[in-house]
Structures are given as structure tokens and as C-alpha cells.
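Presented below is the structure to which this report refers.
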Amino acid sequence: MSGIITTGEKRLVLVSGRAHPELAEAVGEELQTGVLPTTAYDFANGEIYVRFNESVRGCDAFVLQSHTDPINQWMMEQLIMIDALKRASAKRITVVAPFYPYARQDKKHLGREPISARLMADLYKTAGADRLMSVDLHAAQAQGFFDGPVDHLWAMPVLVDYVRTRVNLSRVTVVSPDAGRIRVAEKWANKLGGCPLAFVHKTRDTTRPNVAVANRVVGDVAGRQCVLVDDLIDTGGTIAEAVKVLRASGAKDVIVVATHGVLSHPAAQRLQECGAREIVVTNTLPITSDKRFQNLTILSIAPLLARAIREVFDDGSVTSLFDGVA
């Protein structure tokens with residue numbers, strides 16, 4: 001037989017952008033490996049430079065970046081990192097984007113609008129990504145935008161385990177902030193023992209960003225502990241109004257639970273003053289000191305990301321992390 005046969009071992013490499021290095025370090029600790037040493041800086045005109053300080057030839061590379069403000073800078077940095085890995089002969093490149101960039105622009109509401117979430121997937125593919133991993137996409141259908149395997153992780157196991165310790169399960173009602181999140185609320189209700197469901201009827205003006213009006217509650221919440229679940233909190237307007245409507249409808253108390261704490265100004269003030277007992281988010285995005293407030297709880301998503309990365313590296317089953325239904 002002609003040719004050369006090798007029995008070399010696979011190598012996992014975790015690389016991180018500068019948006020949220022604390023999360024990358026936590027994932028690296030869970031994996032019992034470090035984050036690959038990287039040189040990254042900005043030129044005077046804003047251009048980004050990236051170079052990995054160790055060889056990545058033949059490795060299975062996972063490129064972690066959290067798309068916080070300024071989102072366009074961090075998106076560009078991640079694309080440049082992918083390109084650098086491709087040109088350095090990495091064997092497989094997986095994008096790890098805990099908060100998928102431009103996720104809310106997943107369809108056209110009006111004529112002549114872009115579908116920016118699809119554009120992000122195309123950019124990842126063109127840069128050289130082979131696989132994509134994200135947590136709680138705004139719309140699950142966005143998995144189809146990327147031409148390759150997509151691992152859609154759920155933060156629900158992390159969040160549900162915590163919420164169970166904070167409520168009386170016999171008095172809980174799971175509430176969706178709008179009709180579009182009912183299916184997610186149903187999954188939450190099942191995880192909490194089949195508790196009742198409710199949703200807040202709201203209207204939104206598609207020509208005005210971050211503006212929604214909560215009108216009324218559909219479902220019985222009087223005297224109940226309400227768990228209000230959503231995928232993200234940006235300026236906090238929708239959630240704050242929903243909490244006020246629930247309290248006005250007789251809810252005993254309200255715990256707000258969301259995966260992504262974007263918390264753009266003035267979210268911290270709104271959430272602190274809305275009447276919710278607790279606001280629970282994960283650290284898919286960095287939450288700086290100016291965004292934190294007394295009743296905010298931040299749970300780590302690092303163990304979940306690390307387990308998913310390990311399953312992909314070992315050619316295992318990511319679905320197994322979610323009872324086979326992810």
C-alpha cells in the first residue's frame with residue numbers, strides 16, 4: 001500500500017475574542033484546558049489585527065465570541081479570527097456565538113428590509129467556519145440560515161434548576177411575555193411539573209425599535225407566583241411593562257428569567273423599579289457594573305458550553321445534553 005498512514009491524536013483548541021474573555025476562561029477551566037494565547041489589537045484607524053501565538057495546524061478549533069456592544073466590532077473580530085485559523089490550516093472551525101448576532105432580524109416585516117441574521121450566517125461560512133454553536137436563538141428556524149451543522153443549545157436546564165429553588169411549585173404559573181413565546185413557556189411549564197400557563201398580550205410598532213405595549217394578561221395569575229420567561233432582555237421596556245400588568249392582575253410575585261442579558265440603557269433602572277422580585281439571566285454576554293442592580297442574578301453558562309464543545313470534539317451527541325429533544 002502506497003502513502004503514509006498516521007495515528008496522531010486529535011487536538012482541541014479554544015480561542016476567544018476580546019468581547020467577553022471571562023466566559024472563555026470559565027469554559028476553558030471546565031474543559032481543563034486553557035484559552036489559546038492570542039495577540040489582538042486595533043490599529044489607529046480601527047482595523048483589527050489577530051495572530052495566534054501557537055500552531056493550530058490540524059486542530060479542532062472553537063472560536064468563542066460574545067456579541068455585545070459594540071456588536072459590529074466583535075463580529076468583525078470573530079470573522080478575522082476564523083480567517084486566520086483557516087489560513088493556518090486548522091482542520092475544523094466551530095463558531096461559538098452564545099448570543100447570535102443580529103438574531104432579531106430573522107425575517108422581513110416590511111418591504112426593502114434585510115434579513116441580517118441570514119447575512120451573519122453567510123459571513124461565517126465565507127470566512128471559513130465549518131460549524132456553528134449558539135444558545136437560545138431568537139427564532140429556532142435561524143438554524144437553517146447556516147450551510148452546515150448547527151448546535152442550538154438551551155439554557156433552560158441551567159435556569160430551571162435555579163428557579164425550582166426560588167418558588168413554590170404548587171403555586172407557579174409560567175408566563176410568556178407575548179404570544180410568540182408560548183411554545184417555550186410550555187416547555188418551562190413541563191419542566192416545572194405541568195404548572196399553568198399565561199401570556200401577556202402586547203402590541204408592537206415595527207417602525208419603532210424597542211417599543212412595545214403590554215395590554216392584558218391571558219390566563220389566571222391571581223395569587224400565583226409568576227415566572228416570566230423570555231430569550232433576551234434589551235432595554236427592558238417589554239419585560240417591565242409585562243411585570244406591571246401581571247402585578248395589576250393580582251400576581252403574588254414575579255420572577256423574570258431570560259437567557260441573554262443585553263441590558264441596554266435604561267434597562268437596569270426599569271427592571272429594578274418594575275416590581276419583579278428577581279431578574280435571572282445567564283452570562284452569555286458580559287454584564288458590566290453599570291448594568292447590575294440589587295435583584296439581578298447571573299448564572300454561568302460556561303459548564304453547558306464546555307459540555308457541548310466536548311461532545312462535538314468527541315463526535316458525541318449534543319442532543320443528549322437535553323434529554324434527546326434539542
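The first residue in the sequence is number 1, and the count goes up from there. Quick caveat: nothing in here was measured; it's all calculated off a predicted structure.
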Might you work through the side-chain contact (heavy atoms from CB on, under 4.5 Å) test for T297 and I279, ending with a clear yes or no?
CA-CA 6 Å; T297 299; I279 312 294; over 6 Å; no
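- Closest of all the heavy-atom pairs between V56 and R11 is CA-NH1, 4.0 Å.
- Looking at T39 and N53, their side chains do bring a donor and an acceptor atom within 3.5 Å of each other.
- At most 12 non-hydrogen atoms from other residues, nucleotides or ligands lie less than 6.0 angstrom from NZ of K252.
- Distance alone, capped at 3.5 Å, places no donor-acceptor pair between the S116 side chain and the L119 backbone.
- Here D315 pairs with K10 in a salt bridge; the nearest charged N to carboxylate O distance falls below 4.0 Å.
- Side-chain contact of S89 with R57: a donor-acceptor pair under 3.5 Å is present, judged by distance alone.
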* Asked: Passes salt bridge (Lys or Arg N to Asp or Glu O under 4.0 Å), D130 versus R92? Steps please.
  -> CA-CA 6 Å; D130 301 295; R92 181 171 63 172; over 6 Å; no
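- Not counting sequence neighbours, D220 has no partner by the side-chain hydrogen bond (donor to acceptor under 3.5 Å, both in side chains) test.
- Shortest non-hydrogen contact noted between G223 and R171 is O-NH2, 3.0 Å.
- A donor atom on one side chain and an acceptor atom on the other are found under 3.5 Å apart for E22 and H20.
- The side-chain heavy atoms of N283 and L299, taken from C-beta on, include no pair separated by under 4.5 Å.
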Requested in this report: Verify side-chain contact (heavy atoms from CB on, under 4.5 Å) between M133 and L153, making sure each step is shown before the conclusion.
Outcome: CA-CA 7 Å; M133 181 181 294; L153 311 182; 3.8 Å; yes
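- With V227 as the partner, the side-chain contact (heavy atoms from CB on, under 4.5 Å) test is satisfied by one option alone out of V257, V280, T173, V160: V257.
- Hydrophobic cluster membership is shared by V256 and L296, with clusters built from Ile, Leu, Val, Met, Phe, Trp and Tyr side chains linked at under 4.5 angstrom.
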Test side chain to side chain donor-acceptor pair (under 3.5 Å) applied to Q143 and Y100, step by step: CA-CA 11 Å; Q143 295 173 79; Y100 187 86; over 6 Å; no
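- Applying the ring-ring contact (aromatic ring centres under 6.0 Å, His included) test to pairs two or more places apart or on separate chains, those with a residue in residues 252-277 are F99-H260.
- Annotation for Q73 and D42: closest pair NE2-OD2, 3.3 Å, computed over non-hydrogen atoms.
- Although no hydrogens or angles enter the test, the distance criterion places no donor-acceptor pair under 3.5 Å between the side chain of E241 and the main chain of G237.
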Self-check item: Check against side-chain contact (heavy atoms from CB on, under 4.5 Å), V95 and Q78
Solution: CA-CA 8 Å; V95 167; Q78 192 174 30; 3.5 Å; yes
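- With rounding to the nearest 0.5 angstrom, the SG atom of C59 is 9.5 Å from the CZ atom of F313.
- In this structure, CG on L305 lies 9.0 Å from OG1 on T284, to the nearest 0.5 angstrom.
- I239 is connected to V217 through a chain of hydrophobic side-chain contacts under 4.5 Å among Ile, Leu, Val, Met, Phe, Trp and Tyr, so both are in one cluster.
- Put simply, the side chain of E278 never gets that close to the backbone of I255: no donor and acceptor are under 3.5 Å apart.
- Of all heavy-atom pairs spanning V243 and G275, the tightest one is CG1-C, 3.9 Å.
- Put simply, the side chain of Q105 does not reach to within 4.5 Å of the side chain of I115, judged on heavy atoms.
- For Q65 (side chain) and E77 (main-chain N/O), no donor-acceptor pair under 3.5 Å exists by modelled atom type.
- Residues L132 and V13 share a single hydrophobic cluster, defined by chaining ILVMFWY side chains whose heavy atoms lie under 4.5 Å apart.
- The closest side-chain heavy-atom distance from W154 to L137 is not below 4.5 Å.
- At least one donor-acceptor pair closer than 3.5 Å links the side chain of S134 to the backbone N or O of A97.
- In this structure, the side chains of W188 and V184 come closer than 4.5 Å at one or more pairs of heavy atoms.
- Nearest heavy-atom pair, G261 versus I287, reported as atom, atom and distance to 0.1 Å: O-CG1, 4.0 Å.
- With hydrogens and angles ignored, the 3.5 Å screen pairs a side-chain donor or acceptor of N45 with a backbone N or O of E47.
- With rounding to the nearest 0.5 Å, the separation of CZ in F293 from CD in Q269 is 11.5 Å.
- Counting all heavy atoms, side chain and backbone alike, S176 lies closest to L228 at C-CD1, 4.1 Å.
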*Going through the distances and angles, do M120 and L123 end up as a side-chain contact (heavy atoms from CB on, under 4.5 Å)?*
CA-CA 5 Å; M120 298 301 106; L123 289 171; 3.9 Å; yes
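- Residue L14 is not grouped with residue I82 when hydrophobic side chains (ILVMFWY) are merged at heavy-atom distances under 4.5 angstrom, including chains of intermediate members.
- Looking only at side-chain heavy atoms (C-beta outward), C195 and L192 come within less than 4.5 Å of each other.
- No side-chain N or O of D147 forms a donor-acceptor pair with one of Y124 less than 3.5 Å apart.
- In this model, no donor atom of one side chain and acceptor atom of the other lie less than 3.5 Å apart for Q272 and Q294.
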Quiz item: What do the steps show when you test D161 against K191 for salt bridge (Lys or Arg N to Asp or Glu O under 4.0 Å), and what is the final call?
Solution: CA-CA 9 Å; D161 286 347; K191 292 288 186 181; over 6 Å; no
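- The shortest side-chain heavy-atom distance between V167 and R277 falls under the 4.5 Å cut-off.
- Using a 4.0 Å cut-off between a side-chain N of Lys or Arg and a carboxylate O of Asp or Glu, E186 and R181 do not qualify as a salt bridge.
- Between the side chains of S264 and D234, a donor-acceptor pair is found at a separation under 3.5 Å.
- Formation of a donor-acceptor pair under 3.5 Å by the R270 side chain with backbone atoms of T235 is found in this model.
- When side chains are defined from C-beta on, I93 does not count as touching F62, because their heavy atoms never get closer than 4.5 Å.
- To the nearest 0.5 angstrom, L263 atom CG is 8.5 Å from L285 atom CG.
- With a 4.5 Å cut-off on side-chain heavy atoms, L23 and P98 count as touching.
- Residue Y49 is found in a hydrophobic cluster whose other members, listed by chain and number, are Y41, F43; membership requires side-chain heavy atoms under 4.5 Å apart, directly or through intermediates.
- Atom CZ of F199 and atom NE2 of H201 lie 7.0 Å apart (nearest 0.5 Å).
- In terms of hydrophobic clustering, with Ile, Leu, Val, Met, Phe, Trp and Tyr side chains grouped at heavy-atom distances under 4.5 Å, Y102 and M76 are assigned to a common cluster.
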- Query: Can you list the steps and then say if D151 with R131 is a salt bridge (Lys or Arg N to Asp or Glu O under 4.0 Å)?
  - Reply: CA-CA 8 Å; D151 300 300; R131 190 181 193 104; 2.7 Å; yes
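- Here T259 contributes atom OG1 and L159 contributes atom CG; the two are 5.5 Å apart, rounded to the nearest 0.5 Å.
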